[in-house]
Amino acid sequence: QVQLVESGGGLVQAGDSLSLSCAASGRTFSTYTMGWFRQAPGKDREFVAAITWSSGNTYYTASVKGRFTISRDNAKNTVYLQMNSLKPEDTAVYYCAAKRYTDEPYGRYNYWGQGTQVTVSS
């Protein structure tokens with residue numbers, strides 16, 4: 001089992017950048033495919049980005065491609081989401097998620113963090 005703790009959220013203006021971090025517990029972080037999701041008020045939770053465990057391939061939803069970058073540091077048990085050129089529609093609670101021993105970036109994730117709020121003002 002892995003525990004996830006997100007950090008780095010905050011209030012920024014449109015066009016600004018923000019970097020989120022997700023720290024994982026345990027010594028098996030490198031075996032987890034990691035994802036970022038977000039949920040805006042009144043909307044369903046949606047996939048944002050993922051990075052796979054074995055190949056390190058990255059995947060993004062269309063609305064953030066070219067603006068967001070997901071990366072991981074297995075030595076630090078941490079996954080990052082660098083968010084540039086932020087827009088008001090990026091406002092949401094951002095969640096980190098993990099699933100083990102699969103390179104499938106979509107679908108069900110087994111472990112979730114508590115979320116961090118990102119608010120982008122216009």
Side-chain angles (χ1 to χ4, degrees):
Q1 190 169 355
V2 64
Q3 293 181 325
L4 306 172
V5 179
E6 302 97 334
S7 61
L11 171 63
V12 298
Q13 293 187 330
D16 285 351
S17 297
L18 202 60
S19 181
L20 304 183
S21 299
C22 173
S25 64
R27 292 178 286 183
T28 58
F29 176 76
S30 63
T31 64
Y32 287 86
T33 282
M34 302 298 297
W36 285 98
F37 292 74
R38 65 187 180 187
Q39 187 167 21
K43 295 187 176 181
D44 292 336
R45 185 170 59 195
E46 66 168 345
F47 171 87
V48 175
I51 184 166
T52 60
W53 76 280
S54 64
S55 61
N57 288 342
T58 57
Y59 300 84
Y60 300 91
T61 191
S63 63
V64 309
K65 201 170 293 185
R67 299 189 298 122
F68 290 12
T69 302
I70 188 171
S71 61
R72 67 190 299 160
D73 186 337
N74 289 338
K76 294 183 178 180
N77 280 15
T78 302
V79 62
Y80 305 95
L81 186 68
Q82 176 65 41
M83 304 184 294
N84 299 329
S85 303
L86 281 161
K87 304 175 181 180
E89 51 264 44
D90 294 318
T91 295
V93 177
Y94 282 71
Y95 298 91
C96 173
K99 53 182 174 179
R100 199 174 184 191
Y101 288 141
T102 173
D103 272 348
E104 171 54 56
Y106 307 109
R108 184 174 181 268
Y109 279 70
N110 302 111
Y111 305 101
W112 294 84
Q114 81 290 349
T116 186
Q117 177 70 47
V118 172
T119 303
V120 184
S121 63
S122 56

Does Q82 form a side-chain contact (heavy atoms from CB on, under 4.5 Å) with S71? I'd like the steps, not just the answer. CA-CA 8 Å; Q82 176 65 41; S71 61; over 6 Å; no
Parallel, tilted or perpendicular: which one describes the rings of Y94 and F68, with boundaries at 30° and 60°? tilted
Are W36 and V120 co-members of a hydrophobic cluster defined by side-chain heavy atoms under 4.5 Å apart? yes
Tell me whether Y111 is reachable from M34 by hopping between hydrophobic residues (I, L, V, M, F, W, Y) whose side-chain heavy atoms are closer than 4.5 Å. yes
With ring centroids as reference points, do Y106 and F47 lie under 6.0 angstrom apart? yes
Strictly by modelled atom types, are T91 and E89 linked by a side-chain donor-acceptor pair under 3.5 Å? no
Between R100 and Y109, is NZ or CZ placed under 6.0 angstrom from the six-membered ring centre and within 45° of the ring axis? no
Are W53 and Y101 near enough that their ring centres are under 6.0 Å apart? yes
Under a 3.5 Å distance rule, please check whether T33 uses its side chain to pair with a backbone N or O of T102 as donor and acceptor. yes
Crowded around Q39 CD? As in, over 12 foreign heavy atoms under 6.0 Å? yes
Can you tell me if R67 uses its side chain to pair, donor with acceptor, with the backbone of S85 under 3.5 Å? yes
Pair F37 and W112, ring centroids less than 6.0 Å apart: yes
Whether the side chain of N57 engages the backbone of I51 through a donor-acceptor N/O pair (distance < 3.5 Å, no angle test) should be reported. no
Spacing of NZ belonging to K87 relative to OG belonging to S122, to within rounding of 0.5 Å: 14.0 Å
SG (C96) and CD1 (I70) are apart, to the nearest 0.5 Å, by 8.0 Å
Flag, side chain of T61 to backbone of V48, donor-acceptor distance under 3.5 Å: no
Just by distance, do the side chain of K99 and the backbone of E104 share a donor-acceptor pair under 3.5 Å? yes
Assess the residue pair V2 and T28 against the criterion (side-chain contact (heavy atoms from CB on, under 4.5 Å)); give the C-alpha distance rounded to whole Å, side-chain angles, the decisive distance to 0.1 Å, and a yes or no. CA-CA 8 Å; V2 64; T28 58; 5.8 Å; no
Under a 3.5 Å cutoff, is there a donor and acceptor pairing between the side chains of D103 and S54? yes
R38 and V93: CA distance, side-chain angles, deciding distance, side-chain contact (heavy atoms from CB on, under 4.5 Å) verdict: CA-CA 5 Å; R38 65 187 180 187; V93 177; over 6 Å; no
E6 side chain to G115 backbone, donor-acceptor under 3.5 Å: yes
Step by step, would you call Y80 with T69 a side-chain contact (heavy atoms from CB on, under 4.5 Å)? CA-CA 8 Å; Y80 305 95; T69 302; over 6 Å; no
